[in-house]
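First the structure, in the form of structure tokens, and then the observations on it.
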Amino acid sequence: MATGPVCLELYKVLDGAHKVEDYRNTFTNLALPLFSMAEPVPPKVLKHRDMKWTVWDRWVLRDNPTLKQVIKWLKGNGLNAYSISYGNCLLFNSLFPRHRE
């Protein structure tokens, strides 16, 4: 029951010719019984100065900058980093006092 709706959506992804409105989020509860489908909403676009991004976007850094250079660049553009990671490694988190140093 769980994989059927997922596979139907995967066909749309693999086809590559679909808008976000064509996809469906399926919720199934066999205990009730309940089966519902809903259209996903596009992610909120955040804007700051001449930049815009969503929570799904990733920034790719070129020229191998240091962590200090990245934080300095962010501050220079009026942004603060909550956390910075590379792959599955957490490089910086503003909640940790040692990281702020």
Side-chain angles (χ1 to χ4, degrees):
M1 186 66 187
T3 58
V6 171
C7 288
L8 291 174
E9 297 305 307
L10 182 59
Y11 291 138
K12 295 175 191 176
V13 172
L14 294 174
D15 181 42
H18 294 273
K19 300 176 291 192
V20 71
E21 296 86 19
D22 295 336
Y23 294 97
R24 298 289 179 267
N25 182 25
T26 305
F27 176 77
T28 305
N29 187 336
L30 297 176
L32 292 180
L34 174 69
F35 181 83
S36 66
M37 296 179 87
E39 291 181 12
V41 294
K44 180 181 175 184
V45 176
L46 304 168
K47 296 179 183 176
H48 179 72
R49 296 183 183 166
D50 62 343
M51 298 177 283
K52 61 182 179 177
W53 65 90
T54 71
V55 295
W56 294 105
D57 292 328
R58 296 292 178 256
W59 291 356
V60 177
L61 306 176
R62 307 215 188 284
D63 302 328
N64 202 21
T66 65
L67 185 57
K68 188 177 266 188
Q69 289 171 327
V70 171
I71 294 171
K72 184 178 177 182
W73 180 87
L74 289 169
K75 286 185 181 179
N77 284 289
L79 299 168
N80 291 317
Y82 171 75
S83 68
I84 298 174
S85 61
Y86 178 77
N88 62 356
C89 297
L90 179 65
L91 301 176
F92 171 79
N93 189 310
S94 62
L95 297 177
F96 300 151
R98 297 273 316 208
H99 283 196
R100 283 184 294 224
E101 294 172 5

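A quick note: this is a predicted structure, and the numbers were derived from the prediction, not measured.
Within the hydrophobic cluster formed by Ile, Leu, Val, Met, Phe, Trp and Tyr side chains joined at under 4.5 Å, directly or through other members, L32 is accompanied by F27, L34.
Sorted by first and then second residue, the salt bridge (charged side-chain N to carboxylate O under 4.0 Å, His left out) pairs with a member in residues 73-83 form an empty list; sequence neighbours excluded. Evaluation of the side chain to side chain donor-acceptor pair (under 3.5 Å) test over residues 4-21, restricted to residues two or more places apart or in two chains, returns E9-K12, D15-H18, H18-D22. Listed by first and then second residue, the salt bridge (charged side-chain N to carboxylate O under 4.0 Å, His left out) pairs that reach into residues 43-60 come to none, sequence neighbours excluded. The side chain to side chain donor-acceptor pair (under 3.5 Å) pairs that include a residue from residues 30-42 number zero, where partners must be two or more places apart or lie in different chains.
No donor-acceptor pair under 3.5 Å is formed between the side chain of S85 and the backbone N or O of L90. Judged by distance alone, the side chain of N29 and the main-chain N or O of A31 form a donor-acceptor pair under 3.5 Å.
For H48 against N77, the heavy-atom pair with the smallest separation is NE2-O, 2.7 Å. Nearest heavy atoms, A81 versus S94: O-CB, 3.7 Å.
Under the side-chain contact (heavy atoms from CB on, under 4.5 Å) criterion, W59 pairs with W53, W73, L74, L79, not counting sequence neighbours. In this structure M37 satisfies the side-chain contact (heavy atoms from CB on, under 4.5 Å) test together with R24, T26, F35, sequence neighbours excluded. Residues passing the side-chain contact (heavy atoms from CB on, under 4.5 Å) test with L67, sequence neighbours excluded: I71, I84, L91, F92. Here N80 pairs with nothing under the side-chain hydrogen bond (donor to acceptor under 3.5 Å, both in side chains) rule; sequence neighbours left out.
In the hydrophobic cluster analysis, where Ile, Leu, Val, Met, Phe, Trp and Tyr join through side-chain heavy atoms closer than 4.5 angstrom, V45 is grouped apart from V55.
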